[in-house]
Amino acid sequence: MQLPSLYLLMIRSKSSLFFVRNLSAMLSGKIALASALLLSIVSCAPLASEQWVANSPSFSLAPSLLDISITELTALLNDSIITSRDLVQLYLDRIAEVNDELHAVLEISDTALRVAAQRDRERHAGLIRGNLHGIPIIVKDNYATTDGMLTGAGSVCLAKSLPSIEATVVAKLRAAGAIIIGKANLAEFSGGRGNSTTTGWSPRGNQTYGAYVKHQTACGSSSGSGVSASLGLAAGTLGTETAGSITCPAFVNNVVGIKPTVGLTSRFGVVPLTARQDTTGPIVQSVADGALMLEIMAGKDERDNYTLAQPWEKPPRYMDALNMSALVGKRVGAVFWAETAFGNINHSFALNRAHIDKVFSVALDDLRAAGANVIEVELGIKGIPFANSTMELRESFSYQKPDFAEGMARYMSDLMPDLETPHTVAELLECIKTDPAEFGDEVDYSSIESIAQTNKTAGSCESWEAYSKATALSRRLLTEPMEELGLDAIVTIMTTAIVLASAPGLPIITVPMGSLPPEAETVWNPEDKLIEGAPGFPLGLSFVADQWSEFELLGMAYAYEQVSKKRGALRPHVVPTKDLEEIMRGWREDL
Ligand SMILES: *[C@@H]1O[C@H](CO)[C@@H](O)[C@H](O)[C@H]1NC(C)=O
Ligand SMILES: *[C@@H]1O[C@H](CO)[C@@H](O)[C@H](O)[C@H]1NC(C)=O
Ligand SMILES: *[C@@H]1O[C@H](CO)[C@@H](O)[C@H](O)[C@H]1NC(C)=O
Ligand SMILES: *[C@@H]1O[C@H](CO)[C@@H](O)[C@H](O)[C@H]1NC(C)=O
Ligand SMILES: *[C@@H]1O[C@H](CO)[C@@H](O)[C@H](O)[C@H]1NC(C)=O
Ligand SMILES: *[C@@H]1O[C@H](CO)[C@@H](O)[C@H](O)[C@H]1NC(C)=O
Ligand SMILES: *[C@@H]1O[C@H](CO)[C@@H](O)[C@H](O)[C@H]1NC(C)=O
Ligand SMILES: *[C@@H]1O[C@H](CO)[C@@H](O)[C@H](O)[C@H]1NC(C)=O
């Protein structure tokens with residue numbers, strides 16, 4: 001193949017972004033015979049080496065929704081190579097292909113195609129609303145929407161009552177042009193239904209499964225968001241996190257999860273667990289997509305007074321953080337797998353600890369290759385081991401129940417007035433007990449029951465004392481070594497990151513790090529009947545630092561992602577077959 005003819009094709013192409021990507025794929029020998037022939041025909045150039053083409057693995061000329069970025073999709077839309085309407089239809093087709101097996105999405109919007117056609121008309125008329133104009137997005141079922149879809153946090157009972165107003169961050173995505181095409185499955189009430197419910201299960205959505213290993217956990221609670229991002233069932237998704245609900249699904253689904261500082265993004269209109277820890281953030285295929293969405297979501301909101309604590313008038317422009325050199329000269333503390341007192345997670349992952357540590361070591365090499373100075377850190381306060389510290393933490397979460405009770409009561413008071421549907425936690429509990437669609441006979445609902453009965457208040461001295469104790473302890477576990485060693489961030493495994501960041505509301509960015517090797521043990525969680533470790537099971541690297549450090553973390557995560565390139569190296573066992581090639585026919589004729 002002669003380079004000049006490829007170059008010519010690029011110039012003739014309407015979408016240079018896309019072709020630059022495919023050019024580099026071709027140069028690394030990844031083009032199929034058919035595509036090469038097509039190129040040779042359209043560019044009127046002979047194939048220089050038939051041998052080379054014959055040796056190349058199969059590769060489609062069209063980009064795939066498994067790895068195309070939001071900016072690249074926008075380029076295709078800008079150049080009229082695809083329309084938003086076709087794109088929405090394509091994502092809906094992909095959902096239909098895999099959802100019976102994975103249950104990632106629990107409701108589809110029946111207005112999305114109409115909205116897409118509207119966005120297409122606007123684009124045609126030169127009106128671009130923002131960086132998500134005409135881009136299909138899926139949001140977790142705990143984000144209130146008023147677009148005809150229900151909002152239940154997975155609960156059939158809560159979904160009976162309609163929100164009167166949309167979640168602030170959903171409204172912001174729409175203002176930037178996004179099309180909300182569906183609601184993602186989750187652990188019901190983000191894990192707040194009972195203390196023995198299965199992660200990723202909800203009455204509205206059934207059991208979510210990850211796509212990489214059969215019967216794989218998708219983790220929780222933003223399980224459907226993780227799977228949807230991973231398989232390209234939407235161009236981006238929203239999750240929420242209270243303690244691990246973005247970080248863990250990102251870890252096990254080979255995707256990027258951004259858990260922002262509590263208060264960076266509004267939680268108004270989101271079914272709550274505890275206002276002190278809840279946060280809203282994107283789960284996506286790449287750090288760049290995450291930065292794009294976070295830039296739109298971040299900012300103050302009069303309806304969520306935690307956001308008024310932001311230390312600036314306007315948040316940073318997060319897309320400016322995407323710098324390949326962001327790790328150069330940075331001091332990064334590395335915390336290997338550490339035992340914590342948080343039962344289940346430890347139990348299942350512990351069996352593959354040695355393998356996880358090995359993959360983590362490779363990640364540290366990649367960080368060094370990107371210019372970072374990596375310093376190994378052992379967490380723990382003045383001789384008290386990390387596991388003991390976390391044991392103490394575990395006992396200090398008594399504020400969560402009254403927070404949940406008061407937050408739910410406030411959320412439900414904003415629902416549309418309707419005497420027939422639940423508007424208080426007591427009515428919600430009654431419905432869960434009696435509506436067969438909630439499986440009250442089979443599935444524990446003790447947490448909802450105890451919040452309906454709690455006499456403790458979120459503002460009590462007891463709650464504040466518990467909260468300040470939890471916050472002080474976990475924040476100290478992070479900031480002491482960071483200050484002592486002059487670190488810019490800590491990198492670690494999901495479980496440790498969650499312990500450090502949950503109570504004090506610190507940010508975590510998780511990036512694909514590889515997978516468990518062929519010799520790894522297959523681990524079933526005996527309670528959940530889900531696989532929590534196996535050969536080919538995805539792993540992620542989490543970046544943590546003090547509050548409001550998203551800009552720096554995004555830069556470091558991006559530089560690591562660009563050097564390590566792990567996401568594309570791992571193939572799911574379930575992949576939708578419908579892809580961009582189908583809707584790019586017009587583009588082919590154009591050539
Ligand atoms: C798409 O078009 C808009 C409006 O012309 C422009 O601002 C934007 O940079 C374009 N984006 C891409 C990725 O081509
Ligand atoms: C679950 O919660 C209930 C009520 O709060 C409690 O009685 C029970 O011991 C808990 N079970 C477990 C396994 O923690
Ligand atoms: C949940 O999914 C399984 C497997 O796809 C199916 O057999 C079962 O009927 C579903 N349950 C409900 C309540 O839809
Ligand atoms: C913050 O908002 C909550 C809920 O809207 C409200 O109950 C609380 O009083 C507010 N706090 C302050 C300091 O404004
Ligand atoms: C990227 O980071 C490097 C190193 O910190 C810095 O010198 C450079 O100016 C940055 N580039 C941009 C475009 O911000
Ligand atoms: C964590 O896992 C290890 C290894 O399986 C086990 O020995 C330990 O008891 C577990 N700790 C907790 C708190 O579950
Ligand atoms: C840590 O916890 C273990 C087991 O709970 C206990 O035996 C040990 O004494 C504790 N160590 C410290 C320093 O508190
Ligand atoms: C809450 O208070 C009521 C009335 O004072 C009492 O009957 C009930 O037992 C209390 N509930 C709990 C969980 O303490």
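In each ligand, atom 1 is the first atom listed, and ligand 1 is the first ligand listed.
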In terms of ring plane angle, is the pair [X] and [Y] parallel, tilted or perpendicular, where the classes change at 30° and 60°?
X      : Y      : answer
Phe439 : Trp201 : perpendicular
His215 : Trp524 : tilted
Trp548 : Trp312 : perpendicular

Atom-level proximity to ligand 3, residues with heavy atom under 4.0 Å: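 Close residues (ligand 3, cut-off 4.0 Å): Asp100, His103, Asn206, Phe439.
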Asn323-ligand 5 polar pair, N/O distance under 3.5 Å: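 Checking ligand 5 against Asn323, an N or O pair does fall under 3.5 Å apart.
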Step-by-step salt bridge (Lys or Arg N to Asp or Glu O under 4.0 Å) determination, Asp67 to Arg567: CA-CA 9 Å; Asp67 60 15; Arg567 178 172 153 79; over 6 Å; no
No-hydrogen, no-angle side-chain donor-acceptor test under 3.5 Å, Asn185 and Thr208: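 A pair is found: one side chain offers a donor N or O, the other an acceptor, under 3.5 Å apart.
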Minimum heavy-atom distance between Lys214 and Glu101, given as atom pair plus value: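 Minimum heavy-atom contact is NZ-OE2, 3.3 Å.
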Contacting atoms of ligand 1, where contact means under 4.0 angstrom from a heavy atom of Thr71: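 It comes down to these atoms of ligand 1: 13 (C).
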Criterion side chain to side chain contact (heavy atoms under 4.5 Å, CB included) against Ser245, the qualifying member of Ser223, Cys219, Ser222: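 Only match with Ser245 under side chain to side chain contact (heavy atoms under 4.5 Å, CB included): Ser222.
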Asn78 N/O to ligand 1 N/O under 3.5 Å: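 Checking ligand 1 against Asn78, an N or O pair does fall under 3.5 Å apart.
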